[in-house]
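Take a look at the structure set out below.
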Amino acid sequence: DAGVIQSPRHEVTEMGQEVTLRCKPISGHNSLFWYRQTMMRGLELLIYFNNNVPIDDSGMPEDRFSAKMPNASFSTLKIQPSEPRDSAVYFCASTSRGLNQPQHFGDGTRLSIL
Amino acid sequence: AQSVTQLDSHVSVSEGTPVLLRCNYSSSYSPSLFWYVQHPNKGLQLLLKYTSAATLVKGINGFEAEFKKSETSFHLTKPSAHMSDAAEYFCVVSEDTSGTYKYIFGTGTRLKVLA
């Protein structure tokens with residue numbers, strides 16, 4: 001039973017470059033979340049989708065960040081242009097809709113912007 | 001408004017001794033509560049969940065948690081710590097607000113297990 005799959009696992013790039021992070025949620029889950037984790041700020045919710053529709057993007061830091069969910073099995077988080085302060089671990093999580101449904105997390109993408 | 005407070009940012013125990021990780025919450029509605037564990041360079045893994053069926057919830061790896069409404073607490077315990085339990089633990093509350101589900105995370109407790 002495949003869990004949430006994120007790619008790449010690690011990304012190192014120079015500032016100014018475009019970065020695209022990918023997520024495949026668990027089949028049948030209809031809610032998807034993007035989080036960012038840093039030592040300084042802990043775990044932050046960036047955006048989440050219900051049925052492929054963005055519901056709350058208030059956590060997206062600025063216009064350089066964008067997220068899409070073109071279908072139920074795929075989502076991307078894009079940073080353009082990237083900056084060193086974007087360095088973090090980015091997690092994707094999915095869940096079935098319902099109050100008592102836990103989130104299932106991927107293993108994350110460790111992003112380093114030089 | 002919802003909130004979750006993990007009372008200890010770091011906890012150290014000796015191997016074989018009990019573990020207690022404390023979590024208090026506030027919620028306007030009947031919440032669902034979860035504990036997650038995060039090992040280094042890994043994602044968050046669900047340990048257990050409370051969804052109003054029973055106040056004492058058993059999870060994986062010997063962990064359990066008790067929901068106490070009067071104390072608004074959901075503390076995580078384990079009778080005997082193992083070295084592999086060293087990790088960060090997150091308490092989470094979810095709430096339905098006008099049909100939108102929100103998950104509120106505590107700031108985490110880092111558990112250290114001493115040999």
*Check the pair A/F33 / B/Y103 against side chain to side chain contact (heavy atoms under 4.5 Å, CB included), numbers first and verdict last.*
CA-CA 10 Å; A/F33 304 76; B/Y103 294 85; 3.6 Å; yes
*asked:* Just checking A/E62: does its CD atom have more than 12 heavy atoms from other residues, nucleotides or ligands closer to it than 6.0 angstrom?
replied: yes
*B/K49, part contacting chain A, at a heavy-atom distance under 4.5 Å*: side chain
*Below 4.5 Å from any heavy atom of chain A, which atoms of B/L44 appear? Answer side chain, backbone, both or neither.*
both
*Are B/Y89 and A/V89 joined in one hydrophobic group, where the rule is that I, L, V, M, F, W and Y side chains link up if heavy atoms are under 4.5 Å apart?*
no
*Find the one option among A/H104, A/R9, A/Q103 whose heavy-atom pairs under 4.5 Å with chain B are most numerous.*
A/Q103
_Cluster link B/I60 to B/L48, ILVMFWY, side chain under 4.5 Å_ = yes
_Residue part contacting chain A, namely of B/Q38, when any heavy atom lies under 4.5 Å_ = side chain
*Any idea which of A/D56, A/L45, A/D107 has the most non-hydrogen atom pairs under 4.5 angstrom with chain B?*
A/D107
_Beyond-backbone contact of B/Y36 with A/F105, side-chain heavy atoms, under 4.5 angstrom_ = yes
*Taking the six-membered ring where the residue is Trp, are the ring centres of A/Y35 and B/F105 under 6.0 Å apart?*
yes
*Please answer: with hydrophobic residues joined when any side-chain heavy atoms are less than 4.5 Å apart, are B/V93 and B/L46 in the same cluster?*
no
*asked:* Heavy-atom cut-off 4.5 Å, strictly under: side chain, backbone, both or neither for A/T95 against chain B?
replied: side chain
_Hydrophobic clustering (ILVMFWY, side-chain heavy atoms < 4.5 Å, transitive) - are A/L77 and A/M15 grouped together?_
yes
_Whether over 12 other heavy atoms sit under 6.0 Å from A/N71 CG_ = yes
*Could you pull out the closest heavy-atom pair between A/Q37 and B/F90, with the gap in Å?*
NE2-CZ, 3.8 Å
_Would you say B/F67 ends up clustered with B/L76 if hydrophobic residues are merged whenever their side chains have heavy atoms under 4.5 Å apart, either directly or through other cluster members?_
yes
